[in-house]
Amino acid sequence: MSTATIKRDILNSFKDCEFRTAFNLENVYTTICFQLRALREQREMTQGKLGKAAHMAPERISILEDPNAESKPTLKTLLRLAGALDVGLDVRFVPFSEVLMRSVNTDMQELGVISFDDELPALEQQ
């Protein structure tokens with residue numbers, strides 16, 4: 001199935017308010033799970049090492065990386081993880097067009113984020 005077909009199918013489903021609400025919920029948490037794992041692997045960290053840096057048990061990191069887990073992260077938890085990974089956290093309201101675009105363009109490499117220390121030299125040159 002092509003990306004255009006998937007996008008069109010989701011767009012048609014978005015016409016239902018209940019679908020949009022459910023999609024939003026699942027999309028946010030699933031994206032967080034996949035990005036957390038991608039960032040941890042990008043930094044060559046084990047779940048134990050990330051857990052230690054975030055002051056969490058490795059089992060909690062495992063749960064946070066599982067999109068099917070019953071437990072969902074709070075904003076406070078996400079901020080702790082951002083600190084442990086040395087990245088910013090951007091939580092904002094966006095139009096559904098952006099949600100749709102991001103949900104069909106799922107390149108795992110785009111989930112990676114460099115740490116502040118790695119981007120600092122370029123920031124200082126600007």
Side-chain angles (χ1 to χ4, degrees):
M1 189 178 292
S2 73
T3 301
T5 302
I6 294 169
K7 188 175 179 180
R8 187 175 49 252
D9 289 348
I10 295 172
L11 181 59
N12 284 331
S13 297
F14 272 5
K15 294 175 184 176
D16 179 332
C17 184
E18 287 182 33
F19 179 88
R20 286 193 310 272
T21 299
F23 185 91
N24 227 4
L25 178 69
E26 287 305 313
N27 185 56
V28 166
Y29 288 122
T30 300
T31 301
I32 289 293
C33 293
F34 288 130
Q35 189 172 31
L36 178 59
R37 181 175 180 171
L39 290 171
R40 180 179 60 75
E41 290 177 351
Q42 177 188 22
R43 285 155 176 72
E44 299 179 352
M45 298 174 85
T46 63
Q47 290 177 341
K49 188 174 178 181
L50 178 55
K52 186 174 182 175
H55 306 289
M56 296 178 191
E59 297 80 15
R60 181 69 179 135
I61 301 300
S62 177
I63 291 168
L64 290 167
E65 290 182 357
D66 180 359
N68 298 312
E70 293 292 321
S71 175
K72 304 298 183 192
T74 64
L75 188 54
K76 183 177 178 179
T77 298
L78 295 176
L79 287 165
R80 284 173 60 187
L81 290 165
L85 293 164
D86 198 25
V87 297
L89 179 66
D90 183 13
V91 179
R92 64 176 73 194
F93 297 101
V94 297
F96 272 98
S97 58
E98 190 168 329
V99 173
L100 177 61
M101 183 214 40
R102 287 185 181 178
S103 68
V104 296
N105 298 322
T106 55
D107 181 356
M108 286 300 284
Q109 290 186 345
E110 289 182 19
L111 296 177
V113 178
I114 63 173
S115 70
F116 178 75
D117 285 343
D118 290 340
E119 74 174 334
L120 182 58
L123 290 173
E124 289 179 328
Q125 288 181 354
Q126 292 179 353

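Both backbone and side-chain heavy atoms feed into the values below; hydrogens, waters and symmetry mates do not. Keep in mind it's a predicted model, so treat the numbers as computed, not measured.
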Inset, instruction - Applying salt bridge (charged side-chain N to carboxylate O under 4.0 Å, His left out), run through D90 and R92 and close with a yes or a no. - result: CA-CA 6 Å; D90 183 13; R92 64 176 73 194; 2.8 Å; yes
Inset, instruction - May I have the step-by-step check of side chain to side chain contact (heavy atoms under 4.5 Å, CB included) for L120 and E124, ending in yes or no? - result: CA-CA 6 Å; L120 182 58; E124 289 179 328; 3.8 Å; yes
Inset, instruction - Let me see the working for I6 and I10 under side chain to side chain contact (heavy atoms under 4.5 Å, CB included), right down to the final yes or no. - result: CA-CA 6 Å; I6 294 169; I10 295 172; 3.8 Å; yes
Inset, instruction - Could you go through the side chain to side chain contact (heavy atoms under 4.5 Å, CB included) check for L25 and R20 one step at a time? - result: CA-CA 9 Å; L25 178 69; R20 286 193 310 272; over 6 Å; no
Inset, instruction - Given side chain to side chain contact (heavy atoms under 4.5 Å, CB included), test L100 with K7 step by step and report yes or no. - result: CA-CA 7 Å; L100 177 61; K7 188 175 179 180; 3.8 Å; yes
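Considering only heavy atoms from C-beta on, L78 stays 4.5 Å or farther from T74 through its side chain. For the pair L64 and I32, the minimum side-chain heavy-atom distance is 4.5 Å or more. Between R102 and V94 the shortest side-chain heavy-atom distance does not fall below 4.5 Å. Contact of the L11 side chain with the R8 side chain is not registered, since no non-hydrogen atoms from C-beta on lie closer than 4.5 Å.
Side chain of S62 to main chain of P58: no donor-acceptor pair is present (N/O by atom type, distance under 3.5 Å, no hydrogens or angles). Between the side chain of T30 and the main chain of N27, no donor-acceptor pair closer than 3.5 Å is present. Not one N or O on the side chain of E119 forms a donor-acceptor pair closer than 3.5 Å with the backbone of I114. For the pair E65 (side chain) and F34 (backbone), a donor-acceptor distance under 3.5 Å is absent. Between the side chain of K76 and the backbone N or O of P73 there is no donor-acceptor pair closer than 3.5 Å.
With rounding to the nearest 0.5 angstrom, the CG atom of L111 is 10.0 Å from the CD atom of Q42. We find the CG-CG distance between L85 and L36 to be 6.5 Å, quoted to the nearest 0.5 Å. Separating the CZ atom in R80 from the CG atom in L50 is a distance of 10.5 Å, to the nearest 0.5 Å. Within the model, atoms CD1 of I63 and CG of D66 stand 8.0 Å from one another, a figure rounded to the nearest 0.5 Å. Distance OG1/T31 to CD/E26: 10.5 Å, rounded to 0.5 Å. Between atom CD1 of residue I61 and atom CG of residue L81 there is a gap of 5.0 Å, rounded to the nearest 0.5 Å.
When all heavy atoms of R43 and V87 are compared, the pair lying nearest together is NH2-CG1, 3.3 Å. Here the closest non-hydrogen pair linking D118 and P121 is O-CD, 3.7 Å.
Shown here is R40, whose CZ atom has more than 12 heavy atoms of other residues, nucleotides or ligands within 6.0 Å.
Taking the charged nitrogens against the carboxylate oxygens, K49 and E44 have no contact shorter than 4.0 Å, which rules out a salt bridge.
Evaluation of the ring-ring contact (aromatic ring centres under 6.0 Å, His included) rule for F96 yields F14 as partners, not counting sequence neighbours.
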